[in-house]
Protein chains: 2
Amino acid sequence: MNKSTLYKGCLEPIIMRLLKDNGRMYGYQITQMVKELTKGELQITEGALYPLLHRLEEQGVVETEMENIGNRVRKYYTLTKAGKKQTSVAMDELKMFMQSLNLIVNPKLA
Amino acid sequence: MNKSTLYKGCLEPIIMRLLKDNGRMYGYQITQMVKELTKGELQITEGALYPLLHRLEEQGVVETEMENIGNRVRKYYTLTKAGKKQTSVAMDELKMFMQSLNLIVNPKLA
DNA sequence: TACCAATACATAAGGATGTTATGTATAAAT
DNA sequence: ATTTATACATAACATCCTTATGTATTGGTA
């Protein structure tokens with residue numbers, strides 16, 4: 001069992017949460033923030049991140065702006081109004097899920 | 001985003017944990033216990049459970065005994081010695097993962 | 001008693017999600 | 001001058017779970 005298998009399926013709510021907290025972020029920044037927040041535990045791969053962000057854009061969850069930084073381009077992502085609502089729902093579900101996990105891992109504390 | 005997508009990848013440690021706590025269990029019993037423990041939140045499908053159990057057996061994580069209940073057969077699963085060790089590791093990883101999730105979902109509490 | 005729900009196993013086809021590998025390009029550090 | 005970090009993107013592949021289907025016994029209920 002690969003360790004990184006665990007967060008399969010949790011990436012989307014994680015990213016939505018970060019966007020809700022930080023307003024406007026670009027892809028690379030998201031990977032770095034997740035790494036920092038989790039002290040290196042979760043490392044989002046680019047192959048997972050970028051397709052996911054594109055999908056969220058297609059679905060109208062986020063919208064994008066390009067910004068030039070010197071000769072380089074950054075693509076900033078922001079939650080749309082609909083995206084914010086969906087994020088609230090996703091957060092409730094994620095918290096429920098975490099509680100469920102807790103009920104299994106620590107049945108006595110519950 | 002389907003709600004059930006969340007625990008993709010967490011099923012294996014969940015099942016190992018239940019086997020560690022309860023010693024000896026059969027498949028259907030596992031699905032029922034997860035449902036009860038999580039108050040209906042997590043419902044393991046048979047299509048996910050049985051192939052997983054078979055894989056764990058192949059890998060020597062669990063061993064099985066058949067038991068006849070009337071005219072029906074139950075297949076009981078027990079962790080092997082190696083399986084118990086792997087379960088400890090898996091639990092540490094799962095707890096780490098849960099902490100990481102918490103650091104993202106509740107950055108201020110951390 | 002006929003039918004449906006619950007119990008109990010199993011597997012195959014398909015979908016969703018992530019990894020690994022690869023490619024392009026600029027900027028900073030050594 | 002070369003490597004590392006920044007910054008995007010995509011394709012092939014693997015993994016994991018869902019949905020659907022199949023078999024069979026047991027218990028409840030109309």
Side-chain angles (χ1 to χ4, degrees), chain A residues 1-16 24-36 40-59 61-62 64-77 90 93-94 97 100, chain B residues 1-16 24-36 40-59 61-62 64-77 90 94 97 100-101:
Chain A
M1 169 84 166
N2 189 327
K3 196 179 166 189
S4 68
T5 314
L6 287 172
Y7 70 106
K8 237 187 194 184
C10 294
L11 221 62
E12 186 177 305
I14 285 173
I15 286 165
M16 288 165 83
R24 207 177 77 115
M25 300 184 80
Y26 56 98
Y28 185 77
Q29 184 186 13
I30 291 173
T31 65
Q32 298 308 301
M33 188 169 282
V34 168
K35 204 198 282 182
E36 278 166 38
E41 273 299 306
L42 294 193
Q43 304 211 21
I44 299 179
T45 58
E46 294 169 299
L49 178 70
Y50 291 115
L52 202 166
L53 286 171
H54 299 163
R55 183 165 41 101
L56 291 177
E57 190 179 7
E58 270 177 47
Q59 294 172 351
V61 176
V62 298
T64 61
E65 309 166 79
M66 304 302 255
E67 194 166 301
N68 291 308
I69 307 292
N71 287 324
R72 204 186 287 173
V73 179
R74 270 188 200 156
K75 195 167 173 184
Y76 277 94
Y77 291 85
E93 285 174 5
L94 185 56
F97 169 68
S100 293
Chain B
M1 168 86 163
N2 188 324
K3 197 177 165 188
S4 68
T5 314
L6 286 172
Y7 70 109
K8 242 187 189 180
C10 293
L11 222 61
E12 185 177 307
I14 284 173
I15 286 165
M16 289 166 81
R24 207 178 77 115
M25 301 184 81
Y26 57 99
Y28 186 77
Q29 184 186 12
I30 291 174
T31 66
Q32 298 308 301
M33 187 169 283
V34 167
K35 205 198 282 182
E36 279 167 37
E41 272 299 306
L42 293 193
Q43 303 212 22
I44 299 180
T45 59
E46 294 166 300
L49 179 70
Y50 291 114
L52 201 165
L53 286 171
H54 300 163
R55 184 164 41 102
L56 290 177
E57 189 179 7
E58 270 178 46
Q59 294 172 350
V61 176
V62 297
T64 62
E65 309 165 78
M66 302 303 255
E67 194 166 301
N68 290 309
I69 307 293
N71 286 326
R72 205 183 285 172
V73 180
R74 268 187 201 157
K75 195 166 172 185
Y76 276 94
Y77 291 86
L94 185 57
F97 168 68
S100 293
L101 267 189

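Below, chain A is the first sequence line, B the second, and so on; all start at residue 1. All values reported here derive from a predicted model rather than from experimental measurement.
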Option from A:Glu67, A:His54, A:Glu65 for which side chain to side chain contact (heavy atoms under 4.5 Å, CB included) with A:Lys75 holds: A:His54

Rounded to whole angstroms, how far apart are [atom1] on [X] and [atom2] on [N]?
| X | N | atom1 | atom2 | value |
| --- | --- | --- | --- | --- |
| B:Leu49 | D:dT19 | CG | P | 16 Å |
| A:Arg72 | D:dT4 | CZ | C1' | 12 Å |
| B:Asn68 | D:dT26 | CG | C1' | 15 Å |
| A:Gln59 | C:dA16 | CD | C1' | 12 Å |
| B:Phe97 | C:dG18 | CZ | P | 10 Å |
| A:Glu57 | D:dC8 | CD | C1' | 13 Å |
| A:Ile44 | C:dT17 | CD1 | P | 15 Å |
| A:Glu46 | C:dA21 | CD | C1' | 11 Å |

Distance below 4.0 Å between [X] side-chain N/O and [N] OP1 or OP2:
| X | N | value |
| --- | --- | --- |
| B:Tyr50 | C:dA10 | no |
| A:Tyr26 | D:dC8 | no |
| B:Thr45 | D:dT18 | yes |
| B:Arg55 | D:dC16 | yes |
| A:Asn71 | C:dA27 | yes |
| A:Tyr28 | D:dC8 | no |
| B:His54 | C:dC9 | no |

Determine the contact category for [X]: base if any of its heavy atoms lies under 4.0 Å from a base atom, sugar-phosphate if only primed atoms, P, OP1 or OP2 are that close, otherwise nothing.
| X | answer |
| --- | --- |
| A:Gly27 | sugar-phosphate |
| A:Arg74 | sugar-phosphate |
| B:Gln29 | nothing |

Side chain of [X]: nearest nucleotide among [options]?
| X | options | value |
| --- | --- | --- |
| A:Leu11 | D:dT6, C:dG18, D:dT18 | C:dG18 |
| A:Lys75 | D:dT6, D:dA9, C:dA8 | D:dA9 |
| A:Ala48 | C:dT19, C:dA10, D:dC17 | C:dT19 |

Would you name the heavy atoms of [X] and [Y] that are closest together and state the gap between them?
| X | Y | result |
| --- | --- | --- |
| A:Tyr7 | A:Ile44 | OH-CA, 4.0 Å |
| A:Glu41 | B:Ser100 | CB-OG, 3.3 Å |
| B:Gly27 | B:Leu49 | O-CD2, 3.3 Å |
| B:Arg24 | B:Gln29 | O-OE1, 4.0 Å |
| A:Leu42 | A:Val34 | O-CG1, 3.5 Å |

Along DNA chain C (nearest heavy atom to each residue), the more 5'-positioned of A:Leu52 and A:Ile69: A:Leu52

Earlier contact from the 5' end, DNA chain D, for A:Tyr76 and B:Gln43: A:Tyr76

Donor-acceptor pair (no angle test) under 3.5 Å: B:Lys8 side chain, D:dT15 base: no

Base D:dC16 paired with B:Glu12 side chain (donor-acceptor, <3.5 Å): no

